[in-house]
Protein chains: 2
Amino acid sequence: MDQILKKPTRAKKSARNKSAPKAGIRQKKERLILKAAEKVFSEFGFRGATTQMIADRAGIPKANLHYYFPTKLVLYRKIIEEIFSIWLDAAQSFDENSDPVEALSRYIDKKMEISRSHPFGSKIWANEVMHGAPIIQDYLETTLRQWTDSRMVIIQRWIDDGLIDPIDPRHLLYMIWASTQHYADFVHQIKTLNGGKKLSDTQWDNAREDVKTIILNGIGATKRADK
Amino acid sequence: MDQILKKPTRAKKSARNKSAPKAGIRQKKERLILKAAEKVFSEFGFRGATTQMIADRAGIPKANLHYYFPTKLVLYRKIIEEIFSIWLDAAQSFDENSDPVEALSRYIDKKMEISRSHPFGSKIWANEVMHGAPIIQDYLETTLRQWTDSRMVIIQRWIDDGLIDPIDPRHLLYMIWASTQHYADFVHQIKTLNGGKKLSDTQWDNAREDVKTIILNGIGATKRADK
DNA sequence: ATCATTGTTGACCAACTGGTCAAGATTTTT
DNA sequence: AAAAATCTTGACCAGTTGGTCAACAATGAT
């Protein structure tokens with residue numbers, strides 16, 4: 001799931017020494033920077049974030065950051081790629097061979113889990129799309145488009161087989177995305193409306209169950225499956 | 001709906017002359033700037049937007065913009081206030097005396113309409129919240145909080161009266177917000193997945209109906225109302 | 001006509017920011 | 001040990017940006 005993103009970065013020898021005394025430096029430092037950058041970008045957006053902020057959060061001088069990532073844009077792209085790969089990972093759970101209740105339940109569970117564990121990534125993605133996707137347009141047009149089309153076919157088949165009510169598959173997908181990602185993108189609003197406290201484990205469970213219940217009932221997937 | 005935002009701005013005489021020969025200048029120019037600013041802020045975010053961009057789009061020199069709005073922040077705040085007032089306007093349709101199907105249908109209709117007619121505002125709001133609501137925190141804690149609480153009571157009453165299934169009112173509201181605002185905030189993604197063409201009138205109708213259907217069915221509001 | 005108020009704008013500036021660079025430190029290879 | 005490669009960092013620079021200002025124009029009141 002990650003290989004696409006990794007650079008070869010000197011994979012010649014070092015097969016006998018104690019693991020990787022120096023080769024690991026680059027990897028560790030890049031990880032450190034990426035993590036800091038993800039947070040800062042999600043908080044301030046691409047232009048709002050400064051390389052100085054990112055360097056500070058990573059605890060290194062700015063020049064060092066630029067040694068590993070030549071430009072702010074390159075750093076940003078790397079992060080987008082990671083987010084997208086996580087997203088695609090969850091998308092796998094929406095496979096062909098399941099019935100609607102099973103497939104959609106699993107998919108919604110995964111998406112909610114990602115909203116909880118990777119809220120920064122979700123925000124960055126949302127930010128990108130809201131600003132016209134200047135960086136990720138190609139992802140939208142290729143990978144995301146293909147995935148969406150293929151899933152719409154599956155949903156349409158469920159409809160044709162009478163497993164769910166006839167709704168536009170597109171809007172069902174949008175609703176799932178919107179409802180699940182809302183818990184990442186609007187976490188601040190949710191927290192404020194929750195008396196300033198972030199959602200507890202139980203509240204997260206409730207949220208996940210309610211989203212699933214409403215959507216599955218909403219498309220009539222349960223009334224057939226139940227009996 | 002607007003009075004809060006307007007400045008007194010010389011309301012002495014001019015009650016006999018031909019309307020407002022000069023008094024109108026300020027108002028017209030402010031409108032012009034606000035409209036330009038809304039677009040630019042929604043496209044580039046607060047920091048991404050420059051006062052130069054806004055001035056250019058309004059067709060005036062930057063210094064003139066700063067004559068009417070001393071700082072970028074003041075301009076931004078003004079826009080946020082307007083957005084919020086539009087939002088509150090729609091919120092009215094969610095009144096006490098209706099049954100769930102009627103109240104929620106009307107509310108979702110209004111929200112979808114706003115997503116279509118005021119996508120810029122929705123994006124700016126989303127952007128604010130995603131970045132921790134640095135400007136609008138007070139709105140979240142006061143007005144929005146109160147409104148949300150009062151509507152949750154109504155929804156809870158519906159549940160107690162057996163009019164809808166027992167779900168957490170909070171999550172129902174979040175789902176409505178998420179699903180409807182998605183069509184504004186993610187319009188670019190939706191457009192791309194729609195073959196690069198923005199949604200037609202029919203597609204908007206379908207979206208609106210599907211969102212309503214799924215949510216109303218999802219909470220079991222229709223199965224009681226139908227018979 | 002004259003004055004006061006309001007509106008207009010080019011030129012300017014201080015602060016910030018992405019990115020560079022050269023000198024030096026550290027580690028790996030030979 | 002010493003050469004080669006990699007990593008580190010303070011100082012620096014050029015471009016951008018929010019905001020100011022002084023001179024000027026237009027309009028309204030007297």
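Every value quoted in this text rests on a predicted model; they were computed, and no experiment measured them. Numbers restart at 1 for each chain; the letters A, B, ... are given by sequence-line order, proteins then strands.
- Between A:Asn64 atom CG and D:dT6 atom C1' the separation is 12 Å, expressed in whole Å.
- One can place NZ of B:Lys72 at 17 Å from C1' of D:dT20, the figure rounded to the nearest angstrom.
- Spacing between atom NE2 of B:His66 and atom P of D:dT20 amounts to 7 Å, rounded to whole angstrom units.
- Under 4.0 angstrom from either OP1 or OP2 of D:dC7 there lies at least one side-chain N or O belonging to A:Arg26.
- Note: CE (B:Met53) to P (D:dT16) measures 12 Å, nearest angstrom.
- OP1 or OP2 of D:dA11 has not a single side-chain nitrogen or oxygen of A:Lys62 nearer than 4.0 Å.
- Within the 4.5 Å cutoff, the side chain of A:Trp177 has heavy atoms near those of the A:Trp87 side chain.
- Side chains of A:Tyr107 and A:Ile176 form a contact here, defined as non-hydrogen atoms less than 4.5 Å apart.
- Ranking C:dG18, C:dT9, D:dT8 by closeness to the B:Pro61 side chain, first place goes to C:dT9.
- Atom CZ of B:Phe46 is separated from atom P of D:dT17 by 14 Å (rounded to the nearest Å).
- When the side-chain nitrogen and oxygen atoms of A:Arg47 are compared with OP1 and OP2 of D:dT17, one or more of them lie within a distance under 4.0 Å.
- For the pair A:Gln52 CD and D:dT9 C1', the interatomic distance rounds to 12 Å; values are reported in whole Å.
- Comparing B:Ala49 and B:Ala63, the nucleotide of DNA chain D nearest to each residue sits closer to the 5' end for B:Ala49.
- Look at B:Tyr67 and you won't find any side-chain N or O under 4.0 angstrom from OP1 or OP2 of D:dC21.
- In this structure, the side chain of B:Asp210 engages the main chain of A:Asp168 through a donor-acceptor pair within 3.5 Å.
- If you check C:dT17, D:dT8, C:dG7 against the side chain of B:Ile25, the one that comes closest is C:dG7.
- Rounded to whole Å, the distance from CG on A:Leu65 to C1' on C:dC21 is 16 Å.
- In this structure, the side chains of B:Leu193 and A:Leu173 stay at 4.5 Å or more apart for every pair of heavy atoms.
- Looking at the side chain of B:Thr71, the nearest of the listed nucleotides D:dG18, D:dG19, C:dG7 is D:dG19.
- Between B:Thr50 and D:dT17, a side-chain N or O to OP1/OP2 separation shorter than 4.0 Å is absent.
- Side-chain N/O atoms of B:Tyr68 include none lying less than 4.0 angstrom from OP1 or OP2 on C:dT6.
- Residues A:Asp185 and A:Trp125 have side chains not in contact (no heavy-atom distance under 4.5 Å, counting atoms from C-beta outward).
- When the P atom of D:dA25 is taken as reference, atom CD1 of B:Ile60 falls 20 Å away, rounded to whole Å.
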